[in-house]
Amino acid sequence: MKFTTPATRNPIDQLKVVGKPTARIDGACKTTGTATYTYEHHAAAPNAAYGCIVGAGIAKGRIESIDLAQAKAAPGVLGIVTADNAGKLGVGKFYIARALAGPDVDHYHQAVAIVVAETFEQARAAAQLVRVQYVRTKGSFSLKDGKDNVPVPAPAQRASMDTSAGDFDAAFAAAPVKLDQTYTTPDHGHAMMEPHATIASWKGDQLTLWNAIQLISWGRRDLALTLGIPQEKIRIVAPYIGGGFGGKGSVASDAVLAALAARMIGRPVKVALQRHLMFNNTSHRPATIQRVRLGATKDGKLTAIGHESWSGNLGTLPERATIPTRLLYAGANRMTRLRVAHLDLPEGNAMRAPGETPGLMALEVAMDELAEKLGIDPVRLRIMNDTQVDPEDPKRPFSTRQLVQCLETGAARFGWDKRSSKPATRREGHWLIGIGMAAGIRGGRAMKSAARVRLDAKGYLTVETDMTDIGTGTYTILAQTAAEMLGLRLENVTVLLGDSAYPESAGSGGQFGAASSTAGVYAACVKLREMVASRLQMVGTDLEFVGGRVRAGGASKPLLDAVSGGDLVAEDVMEIGDLGKHYAQQTFASHFVEVAVHAGTGEIRVRRMLAVCAAGRIINPLAARSQIIGGMTMGVGAALMEDLVVDKQVGFFVNHDLAGYEVPVHADIPEQDVIFLDDLDPTVGPLKAKGVGELGISGAPAAVANAVYNATGIRVREYPITLDKLLAQLPRVA
């Protein structure tokens with residue numbers, strides 16, 4: 001099926017199942033511990049050995065020698081893979097770091113070996129006996145130091161990194177009111193609950209991986225490129241994933257080395273990355289240095305918008321922090337610029353809302369600073385500069401854009417009118433109270449996705465697609481989609497996910513998973529409906545599937561009559577056309593936050609949070625709310641805590657565990673409120689839905705930062721906002 005024109009009324013619009021708050025159908029197995037995560041597929045690999053990865057002890061240089069004698073002689077050791085016996089390895093397209101060092105070392109904790117033994121304890125003990133001699137060379141580990149020496153990209157690459165419209169320099173110079181500030185965000189780690197893990201098993205030249213991965217098709221492609229084998233020889237299974245946030249987008253070192261080790265010893269091999277290895281061995285969100293320049297008339301109209309961002313990476317792709325600036329506000333004269341410094345740190349790559357998260361941490365603070373200069377309310381300033389067309393391409397309208405409604409609804413719900421416009425003036429005892437807000441934007445597109453559906457003689461429908469559920473509620477929304485299309489109760493639908501043997505979906509990532517995978521299920525169900533109608537000889541433009549019956553032309557027959565002669569199976573793929581070129585497809589939010597800052601200690605407590613979201617049709621409001629509050633929680637972490645600290649002498653992330661890398665816990669998170677506006681987007685897909693998985697974090701950190709400023713009068717432009725950055729300037733305690 002091809003989606004080339006905006007959706008009109010269709011079976012989803014019955015809304016008997018879709019759109020209802022629905023408990024997750026996989027919730028019981030997850031809460032009772034019966035959901036099988038990657039490392040727990042014991043029955044699939046009953047004779048599995050265990051692998052333990054040895055990470056490089058330097059950040060830049062080469063391996064001079066590896067002494068494996070003691071490790072090989074250790075109890076239970078079955079084999080050791082290094083670059084010397086691994087064969088020629090390539091790299092993938094999504095993660096571009098080499099999985100195995102040798103002879104060159106690209107970053108700290110890059111794998112230099114994997115030791116395989118009968119038990120995990122034996123593998124871990126033997127791994128500590130591997131002796132590696134390095135020749136260390138000088139590396140580059142500081143974005144601040146490397147920023148001014150970043151080369152100008154080649155013209156072909158620059159086209160995607162630099163944008164301009166009008167004459168920014170002239171407009172900024174002539175603007176009556178100007179803001180020119182620099183903001184920094186640190187490196188962030190994904191810190192998902194489930195570690196990167198793989199079980200690898202070979203049968204002849206066929207490789208099966210049970211792998212914690214978000215996008216199975218990307219994983220097959222990238223593993224094939226890395227190992228130099230046909231993609232058709234690889235099967236990946238991932239029914240449950242314990243969080244990913246972009247860090248499990250494709251295969252990482254655990255998958256590559258488990259596959260190599262299993263081939264070496266002729267047995268399945270299980271590998272789970274140790275927590276301390278995950279931070280330096282896998283990818284992370286790279287740090288940024290961002291310069292934002294805004295020019296405005298005295299009445300608040302933006303006349304010049306400039307945003308430049310520098311980030312560091314192992315490869316050549318920047319953190320696209322300027323993306324939200326290109327779309328969020330009107331302004332005739334615009335300029336954005338991205339630059340990337342080559343740093344000898346672990347790979348910088350996608351992390352929840354890449355681009356929007358750090359970009360809005362700068363832009364939305366800059367908007368508040370400009371509002372103060374102008375003497376205009378921050379909400380009003382944003383509303384004044386709203387646009388219904390792409391600011392870079394005025395002929396391209398937004399498919400739907402309810403940013404103003406988000407802002408107005410949020411302000412009314414949160415009590416914005418009670419905010420003191422003068423910072424550091426509201427107190428409750430020794431606590432300084434502040435309220436802040438920010439706008440949010442995140443892409444809402446759909447991508448090609450396929451599914452297979454099977455209706456059996458008992459009236460049960462089975463849905464199969466290689467789409468994954470990374471904790472987002474995919475099982476449930478696909479069941480809701482299929483149940484709506486066939487007129488079935490939700491309990492009559494079984495969803496099977498996460499297996500490359502199933503039809504290929506878009507996968508989980510980029511906030512495109514929900515809109516894409518439901519569209520694939522929709523396409524398969526349309527084909528199944530046609531097969532049912534044909535068997536029942538039901539024709540008519542009023543064809544309906546409701547309550548287990550099929551109706552058309554005044555006739556009504558039981559759905560089960562269509563399968564009396566055997567199961568019906570339909571498979572189809574939803575091909576997404578070019579509507580995304582003609583419409584700017586985005587989701588929008590407003591974030592409101594109240595904080596209390598202790599005037600004596602600088603301790604920050606977040607007291608209230610609200611997100612108002614416009615994100616297309618919400619398929620399951622219960623699961624969508626969970627996604628938004630999860631993003632808001634990560635926003636608190638980004639604003640106040642998260643900081644992968646780089647040792648700039650040695651070149652590694654020092655706080656590489658969940659003790660040193662701080663993330664919010666229950667005690668840090670207050671009352672959270674979420675409002676979804678009615679917002680159908682017919683240009684994205686047949687369900688008129690978009691994603692919400694990353695909208696909750698987009699803008700939330702800036703709202704926290706603006707609230708801290710309103711409480712204290714202290715503007716911190718270097719994230720995270722920690723008490724040491726406040727203490728010297730706090731007002732005296734009365």
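Atoms considered below: every heavy atom in the structure, side chains included; atoms not considered: hydrogens, waters and symmetry mates. Residue numbers count from 1 along this sequence.
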Please check if the side chain of Glu484 supplies one atom and the backbone of Gln14 the other of a donor-acceptor pair under 3.5 Å. no
Might you point out which heavy atoms bring Ala700 and Gly635 nearest each other, and give the distance in Å? CB-CA, 4.1 Å
Quick one: does Trp210's side chain get under 4.5 Å of Pro239's, heavy atoms only? no
Around atom NZ of Lys30, are there more than 12 heavy atoms of other residues, nucleotides or ligands at under 6.0 Å? yes
Would you find a donor on one side and an acceptor on the other, under 3.5 Å apart, between the side chain of Ser508 and the backbone of Thr468? yes
Hey, mind stepping through Asp13 and Arg617 against salt bridge (charged side-chain N to carboxylate O under 4.0 Å, His left out) and telling me if it holds? CA-CA 10 Å; Asp13 294 312; Arg617 168 174 280 151; 2.8 Å; yes
Nearest heavy-atom pair of Ala614 and Gln402: which atoms, and what distance? CB-CB, 3.9 Å
Pair Lys448-Glu575, salt bridge (charged side-chain N to carboxylate O under 4.0 Å, His left out): steps then yes or no: CA-CA 5 Å; Lys448 177 180 176 182; Glu575 301 268 5; 3.8 Å; yes
For the CD atom of Gln586 and the CG atom of Leu327, what is their distance to the nearest 0.5 Å? 5.0 Å
Any chance CZ of Arg489 has more than 12 other-residue heavy atoms, nucleotides or ligands included, within less than 6.0 Å? no
Is the backbone N or O of Ala259 less than 3.5 Å from a side-chain atom of Trp202, with the two atoms forming a donor-acceptor pair by type? yes
Once you round to the nearest 0.5 Å, how far does CD1 of Ile441 lie from CG of Leu360? 8.0 Å
In terms of ring plane angle, is the pair Phe512 and Trp218 parallel, tilted or perpendicular, where the classes change at 30° and 60°? tilted
Do the side-chain N and O atoms of Lys690 and Thr400 include a donor-acceptor pair separated by under 3.5 angstrom? yes
Report, as yes or no, whether the 6.0 Å neighbourhood of atom CD on Gln537 holds more than 12 heavy atoms from other residues, nucleotides or ligands. no
With a 6.0 Å cut-off (strictly less than), is the heavy-atom count around CZ of Arg401, excluding the residue itself, greater than 12? yes
Atom of Phe592, atom of Leu407 and distance for their closest heavy-atom approach: CZ-O, 3.8 Å
I need the Gln627 CD to Leu695 CG distance, nearest 0.5 Å. 11.0 Å
CD1 of Ile669 to CE of Met609: how many Å apart, nearest 0.5 Å? 6.5 Å
Between Arg235 and Asp499, is there a salt bridge with N-O shorter than 4.0 Å? yes
Is Thr465 reaching over with its side chain to a backbone N or O of Ala451, donor-acceptor style, under 3.5 angstrom? no
Measure from the side-chain N and O atoms of Lys527 to the backbone N and O of Glu571, and report whether any donor-acceptor pair falls under 3.5 Å. yes
For Ile199 against Ala45, the heavy-atom pair lying closest together: CG2-CB, 3.7 Å
All heavy atoms of Ser556 vs all of Arg549, minimum pair found to be OG-NE, 2.8 Å
For the student: nearest non-hydrogen atoms of His582 and Pro397, plus distance: O-CD, 3.5 Å
Got a donor-acceptor contact below 3.5 angstrom from the Arg352 side chain to the Gly693 backbone? yes
Rounded to the nearest 0.5 Å, how far does OH of Tyr583 lie from CG of Asp578? 10.5 Å
Please tell me whether Ser250 and Asp222 have a donor and an acceptor in their side chains that are separated by less than 3.5 angstrom. yes
Is there a donor-acceptor contact under 3.5 Å from the side chain of Asn10 to the main chain of Thr8? yes
